[in-house]
There are 2 protein chains.
Amino acid sequence: VIKNLAVVGVGLIGGSFAMALRAAKGIAVQHITGIGRSEANLLAAKRLGIIDEYARDLAAVEDADLIMVAVPMGAYGQLFSALELHARADAIITDAGSTKQYAIQMAEQFLTAPGRFVPAHPIAGAEHSGAQAARENLFEDRLVLMTPTAYTESDLVLQVSNLWQLVGARVVTMDAAQHDRFLANVSHLPHLAAFALVNAVAKESEENPFDFSAGGFRDFTRIASSSPVMWRDIALTNREALLMSIDGMQGELTNLRRAVAQGDSEKLLHHFTQAKLARDGWLARREREVTGG
Amino acid sequence: VIKNLAVVGVGLIGGSFAMALRAAKGIAVQHITGIGRSEANLLAAKRLGIIDEYARDLAAVEDADLIMVAVPMGAYGQLFSALELHARADAIITDAGSTKQYAIQMAEQFLTAPGRFVPAHPIAGAEHSGAQAARENLFEDRLVLMTPTAYTESDLVLQVSNLWQLVGARVVTMDAAQHDRFLANVSHLPHLAAFALVNAVAKESEENPFDFSAGGFRDFTRIASSSPVMWRDIALTNREALLMSIDGMQGELTNLRRAVAQGDSEKLLHHFTQAKLARDGWLARREREVTGG
């Protein structure tokens, strides 16, 4: 039983978490308070039945047993400082942020008991945002990466992990630094590359690139339609890992550029074949795992 | 009436072209000869009813009224030299290649009458290839870019353009250099960037990146599963334009890297917002055009 759940940031992730917990068997959520900055969004969340009441002031977390933080990373400092003031001493605080070392750092900086903060990251992004985009099955069969520290209270880790499993997610525990490194490569770098590509193309031409491309350009740049604020915050709070990732991609692009400039047929074929084999291999491995084959 | 159609390269594009022409109203194709290197693929094409007969020797184009060239760009030199030997003097030669200046250059180099070559590029790629992937509606509502030169015989341009329209495509005529520049940005560069990203990620980690990413990585890298040979040839035959595109993207990445390194919040937000506005704008414009709104 969760008597009082507080969701800070009732967007796609926070809203879906509330809906999923409410719908899950084996758990009873009695009351859900949504806290956020946009009254219009909170009102929409209430009308949609995602939350029971809402507030724009963080003092509204005062009765919560469980506090879910689902806001852009840039808000974490102010937010944790307010949670220190208003949260119950026995409340569990967890989050859904994309960069975990920074989240942990903010908890350490602002909370008297940072061991009550359980860092987690559900891998279920989308370009859509806001309460309207939330849905109760968003986390079904999705991965949730949990990155507890040495001092995170282990019974709380277990409780949060159980909640994620109740809403259908698979939970994997890993080191926060390892998490940030992986995500820099498979999520943060692709987003930056998509933004960079779109800007490069936009600078050059008045024409609509969608007129001159098949699905490739649309898919490749889809993530460039994501929230600029969210991605600014991710870039700023995963700086070291992201710089490494950018350097890795720039290195590969430089090699490819040289091969193109020199007309090095063999090298190009080798690069492209390696990439295709790697991707096809991952995909096949993933499908075998998912189908249990 | 097309008495004899020869399709050189019975893959996704060549095979679909044959199927679409056969199915189109207002035209009668009497006989289709498929020519290629892989007997297994040609046999599959025959069994699927895509072609009536096949040959592995280009001498089989000798009766054709219309010759569709749908092979990787790297084969153009040898191919046009064989067409000069074997094609009827009154045959129309057209193609579906991705880089048009190179195609035109090969026609000029090897054909006595390069004005009979009608360069065209249907924008209908996919990662799948081979005759098995062909389908008769592949070109419906797709764009075909035609890039005739000053000396291309205009009645042949009209005939090829009519064929594409009969199979449901929209035809746009443009300069070959302009075509190659556009495609470098919206197709060739994204493919190279996807190959580069996959290689960068593969170098670093034994883990399966699909385990740690939502749809973003999968979509972003989808085109890295494309044919390495086809993309090697495209890179080599659109060298100048592609180098410009790579430089544009590397410049943008370098700017983003600097903003990340300096923690320049405003600059990052500006970059990301510009990209999102550009992409969302293109998409909206495209949808208005397609729906005729």
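The shown structure was predicted, so the numbers you read here are calculated from the model rather than taken from an experiment.
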- Task: Look at the rings of B:W231 and B:H188 and say which category their plane angle falls in: under 30° parallel, 30 to 60° tilted, over 60° perpendicular.
- Result: perpendicular
Greatest number of non-hydrogen atom pairs under 4.5 angstrom with chain A, of B:V198, B:N199, B:L192, falls to B:N199
When the 4.5 angstrom heavy-atom criterion is applied to A:M174 and chain B, the contacting part is side chain
Okay, B:T254 and chain A: the region with an atom under 4.5 Å from a heavy atom over there is both
So, the part of A:L277 with a heavy atom under 4.5 Å from chain B: the answer is neither
List the steps and the verdict of side-chain contact (heavy atoms from CB on, under 4.5 Å) for B:Q109 and B:F80. CA-CA 8 Å; B:Q109 194 167 329; B:F80 276 81; over 6 Å; no
Max heavy-atom pairs within cutoff under 4.5 Å with chain A, candidates B:G251, B:A235, B:G74, B:G263, goes to B:G263
The interface call for B:K203 against chain A, heavy-atom contacts under 4.5 Å, is side chain
Whatever's closer than 4.5 Å to a heavy atom in chain B on A:L145 counts as side chain
Under 4.5 Å to a heavy atom of chain A? For B:N238 that would be neither
The interface call for B:L143 against chain A, heavy-atom contacts under 4.5 Å, is side chain
Turns out that what part of A:E266 lies under 4.5 Å from chain B's heavy atoms comes down to neither
Can any side-chain N or O of A:K100 pair as donor or acceptor with the backbone N or O of A:A120 at less than 3.5 Å?
yes
Counting heavy-atom pairs under 4.5 angstrom with chain B, the leader among A:A193, A:A194, A:A278 is A:A193
Chain B shares the most heavy-atom pairs under 4.5 Å, among A:L236, A:N255, A:L268, A:V260, with A:V260
With chain B, the option among A:M244, A:K267, A:E252, A:M249 that has the most non-hydrogen atom pairs under 4.5 Å is A:E252
Heavy-atom closest pair (A:L256 atom, B:A196 atom, distance to 0.1 Å) is CD1-CB, 4.0 Å
| message | Parallel, tilted or perpendicular, judged at 30° and 60°: which one describes the rings of B:F139 and B:F17? | response | perpendicular
If one checks every heavy atom of A:I246 against chain B at 4.5 Å, the contacting part turns out to be side chain
Most contact-rich option vs chain A, by heavy-atom pairs under 4.5 angstrom, among B:G248, B:A259, B:G281, B:A202, is B:A202
Next on the checklist: Would you say CD of A:Q78 has more than 12 non-hydrogen atoms from neighbouring residues, nucleotides or ligands within 6.0 angstrom?
Outcome noted: no
Check whether B:R239 reaches the backbone of A:A261 with its side chain - one donor and one acceptor, N or O, closer than 3.5 Å. yes
Highest number of heavy-atom pairs under 4.5 Å with chain B among A:D264, A:V229, A:L189, A:D247 belongs to A:D247
So, B:D180 side chain and B:Q101 main chain: donor-acceptor pair closer than 3.5 Å or not? yes
Pair count under 4.5 Å, heavy atoms only, with chain B: among A:L253, A:V172, A:D280, highest is A:L253
Whatever's closer than 4.5 Å to a heavy atom in chain A on B:T221 counts as both
Comparing B:H270, B:Q274, B:H271, B:Q250 against chain A, the one with the most heavy-atom pairs below 4.5 Å turns out to be B:Q250
Closest heavy-atom pair, B:S245 versus B:A184, reported as atoms and distance to 0.1 Å, is OG-CB, 3.4 Å
Atom CD of residue position A:Q132 - does it have more than 12 heavy atoms of other residues, nucleotides or ligands inside 6.0 Å?
no
If one checks every heavy atom of A:E240 against chain B at 4.5 Å, the contacting part turns out to be neither
Okay, A:D233 and chain B: the region with an atom under 4.5 Å from a heavy atom over there is neither
Note: B:R135 and B:S16 closest approach over all heavy atoms is N-OG, 3.0 Å
Whatever's closer than 4.5 Å to a heavy atom in chain B on A:L242 counts as side chain
Heavy atoms of B:R279 and A:S225 approach each other most closely as NH1-OG, 2.8 Å
Closest non-hydrogen contact found for A:I104 with A:A176 is CD1-CB, 3.6 Å
